[in-house]
Enquirer: 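Shown below is the structure under consideration.
Basis for what follows: all heavy atoms, side chains included, without hydrogens, waters or symmetry-related copies. Every value quoted in this text rests on a predicted model; they were computed, and no experiment measured them. Residue numbers start from 1 in every chain, and the chains themselves are labelled A, B, ... in the order their sequence lines are given, proteins ahead of strands.
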There are 2 protein chains.
Amino acid sequence: MVQDSIRTLQAQGHKATKPRKLVLEVLEETEKPLSPYDIKRILRARGKYLNHVTIYRILNLLCSLNLAHKMLSSGGFVKCSLDAIEGCHRFMVCQHCGAIQEFADKELCQEENDFAQNFGFHTEHHLSEFSGLCSQCYRK
Amino acid sequence: MVQDSIRTLQAQGHKATKPRKLVLEVLEETEKPLSPYDIKRILRARGKYLNHVTIYRILNLLCSLNLAHKMLSSGGFVKCSLDAIEGCHRFMVCQHCGAIQEFADKELCQEENDFAQNFGFHTEHHLSEFSGLCSQCYRK
DNA sequence: GGGCTAATTGTAATAATGTTGCATTTAGCC
DNA sequence: GGCTAAATGCAACATTATTACAATTAGCCC
């Protein structure tokens, strides 16, 4: 919910401004990775105007608070629906409908980090992105 | 080796041109994700000039032949050193020195795809990126 | 409610990155 | 060496991203 994100913002000493609410609403409704300019275009189509500089700043803020996430392959932004587990974010992106779904599995993350450790690599963050077909699109 | 990539190019009916060799050399030597303009700048510093349009086209070609790979988080390009396993590419990126290392594990990839399958998701490609510290930088 | 102030947003200018159509050059072939 | 399709270069343009500074506003006080 947008309200949850707003509360998190305020809890960290940030203001609950109109532009921030608008960006969060668009991310929440769209459920697909959006670039800053995508967001600008969507809002403009609704008669709302936000400067692109503002959108960049808002997205940076949201990412720094883990309220949004920058997708790996496309560079688009999505609203985070889950907390990171062991510093790991995992997304499925449907090649057909573009929908994204975030998911998490503590065990899997641990295994992956252990694997890297065997190469002498000390993992801090771990991003993982699946592309394929979601259950709905697969049935068609 | 650059020579291997060149041979692959020719085997697929593409020409072994100077620009293509130059781009492959830079990718091979640098061992870090590079944007098209990064490559242009590096070459220019060596007194070689390549048009940025040419570099874009070469990188697209290399990616389509799986000779290079576009990194997830940065969007930079790297030379592929391993074949994809089960459609999975896995990279470690050192936050300190920027070096990247590609690695692969059939079992792990299988587990990840199975995991997605449990959510009804049919995976075609799987990109995974670790950021942290490589063994050398960790010791410091 | 009205005023205050730091935080936030908007503006304008510019830089950086990507894309397209067409002219020129070149690798691989005879 | 000459030929031709493939590849590169060029020019113009579109899109995306960043910076410094001016204007606005949310949250707080009374």
Side-chain angles (χ1 to χ4, degrees), chain A residues 2-3 5-27 32-65 67-68 70-78, chain B residues 2-3 5-27 32-65 67-68 70-78:
Chain A
V2 171
Q3 272 310 317
S5 301
I6 292 293
R7 263 189 291 275
T8 306
L9 276 176
Q10 289 182 311
Q12 312 263 357
H14 303 282
K15 292 184 179 174
T17 64
K18 283 178 199 170
R20 288 174 180 168
K21 286 177 195 167
L22 287 174
V23 169
L24 282 166
E25 279 167 20
V26 170
L27 287 178
K32 293 180 188 177
L34 297 174
S35 75
Y37 278 91
D38 287 337
I39 294 172
K40 179 169 179 160
R41 279 184 284 268
I42 289 172
L43 285 170
R44 196 164 45 200
R46 298 180 186 178
K48 315 269 185 183
Y49 177 79
L50 279 194
N51 193 284
H52 69 278
V53 180
T54 301
I55 299 175
Y56 278 94
R57 288 189 282 226
I58 290 175
L59 290 170
N60 280 341
L61 176 66
L62 295 179
C63 285
S64 74
L65 298 177
L67 294 173
K70 188 174 188 174
M71 288 303 281
L72 316 170
S73 49
S74 63
F77 291 84
V78 297
Chain B
V2 171
Q3 272 310 317
S5 301
I6 291 293
R7 263 189 290 275
T8 305
L9 276 177
Q10 289 181 311
Q12 313 262 354
H14 303 282
K15 294 183 179 176
T17 64
K18 284 179 197 168
R20 287 175 180 170
K21 286 178 195 166
L22 286 174
V23 168
L24 281 166
E25 279 167 21
V26 169
L27 287 178
K32 291 178 189 178
L34 297 173
S35 75
Y37 279 91
D38 287 338
I39 294 172
K40 178 169 179 159
R41 279 184 284 268
I42 290 172
L43 285 170
R44 196 164 47 199
R46 299 179 184 178
K48 316 269 186 184
Y49 176 79
L50 278 193
N51 193 284
H52 70 279
V53 180
T54 301
I55 299 175
Y56 277 94
R57 289 190 279 225
I58 291 175
L59 290 170
N60 280 342
L61 175 66
L62 295 178
C63 285
S64 74
L65 298 177
L67 295 172
K70 187 172 187 174
M71 289 301 283
L72 316 169
S73 50
S74 62
F77 291 84
V78 297

Enquirer: With I55(A), which of I39(A), L22(A), N60(A) fulfils side chain to side chain contact (heavy atoms under 4.5 Å, CB included)?
Expert: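 The single option meeting the side chain to side chain contact (heavy atoms under 4.5 Å, CB included) with I55(A) is I39(A).
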Enquirer: Write down the distance between CZ (R7(B)) and P (dA27(C)), rounded to a whole number of angstrom.
Expert: 19 Å
Enquirer: Are the side chains of L50(B) and K40(B) in touch, meaning some heavy atoms are under 4.5 Å apart?
Expert: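 Not in contact.
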Enquirer: Can you say whether a donor on the side chain of Y49(A) sits under 3.5 Å from an acceptor on the base of dG10(C), or the other way round?
Expert: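 Counting by modelled atom types and ignoring angles, no donor-acceptor contact under 3.5 Å is found here.
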Enquirer: I'd like to check L27(B) versus L62(B) (side-chain heavy atoms, cut-off strictly below 4.5 Å). Are they in contact?
Expert: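 Yes, at least one pair of side-chain atoms sits under 4.5 Å.
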Enquirer: CD/Q12(B) to OG/S64(B) distance, rounded to the nearest 0.5 angstrom?
Expert: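 Q12(B) atom CD to S64(B) atom OG measures 8.5 Å (nearest 0.5 Å).
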Enquirer: In whole angstrom, give the distance that lies between atom OH of Y37(B) and atom P of dT18(D).
Expert: 15 Å
Enquirer: In whole Å, I'd like the distance from the CG atom of L50(A) to the P atom of dT8(C).
Expert: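 Going from L50(A) (CG) to dT8(C) (P), I get 15 Å.
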Enquirer: R41(A) side chain N/O closer than 4.0 Å to the phosphate oxygens (OP1, OP2) of dT16(D)?
Expert: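 Yes, within the criterion.
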Enquirer: Do you see a donor-acceptor pair shorter than 3.5 Å between the side chains of S35(B) and D38(B)?
Expert: yes
Enquirer: How close or far is atom C1' of dT17(C) from atom CD1 of I55(B), stated in whole angstroms?
Expert: 12 Å
Enquirer: Donor-acceptor check, side chain of R20(B) to backbone of I6(B), threshold 3.5 angstrom: yes or no?
Expert: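 No.
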Enquirer: Whole Å only: how far is the CD1 atom of I58(B) from the P atom of dG18(C)?
Expert: 15 Å
Enquirer: Within the modelled atom types, does a donor on one side and an acceptor on the other bring the side chain of H52(B) and the base of dT8(D) under 3.5 Å apart?
Expert: no
Enquirer: Under 4.0 Å, heavy atoms only, any strand: does R57(B) hit a base, just the sugar-phosphate, or nothing?
Expert: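 Answer is base: heavy atoms of R57(B) come under 4.0 Å of a base.
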Enquirer: Calculate the interatomic distance between K48(B) atom NZ and dT8(D) atom C1'; express it in whole Å.
Expert: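 Answer to the nearest Å: 16 Å.
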Enquirer: In this structure, how many angstroms lie between the P atom of dT8(D) and the CG atom of N60(B), rounded?
Expert: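 The answer, rounded to whole Å, is 12 Å.
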Enquirer: Checking contacts here: which listed nucleotide (dG10(C), dT8(C), dG9(D)) is nearest the side-chain heavy atoms of N51(B)?
Expert: dG9(D)
Enquirer: Could you say whether V53(A) or L61(A) is positioned toward the 5' end of DNA chain C, judged by the nucleotide with the nearest heavy atom to each?
Expert: L61(A)
Enquirer: For the CD atom of Q3(B) and the CG atom of L24(B), what is their distance to the nearest 0.5 Å?
Expert: 10.0 Å
Enquirer: Measure CG/L62(A) against C1'/dT8(C) and give the value in whole Å, please.
Expert: 14 Å
Enquirer: Give me, pair by pair, the N or O atoms of the protein and of nucleotides 26-30 of chain D that are less than 3.5 Å apart, along with how far apart they are.
Expert:
{"residue": "dA26(D)", "atom": "N3", "partner": "K15(A)", "partner atom": "NZ", "Å": "3.1"}
{"residue": "dG27(D)", "atom": "OP1", "partner": "Q10(A)", "partner atom": "NE2", "Å": "3.0"}
{"residue": "dG27(D)", "atom": "OP1", "partner": "A16(A)", "partner atom": "N", "Å": "3.0"}

Enquirer: Under 4.0 Å: is that the gap between some side-chain N or O of Y56(A) and OP1 or OP2 of dA17(D)?
Expert: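 Checking dA17(D) against Y56(A), a side-chain N or O does come within under 4.0 Å of OP1 or OP2.
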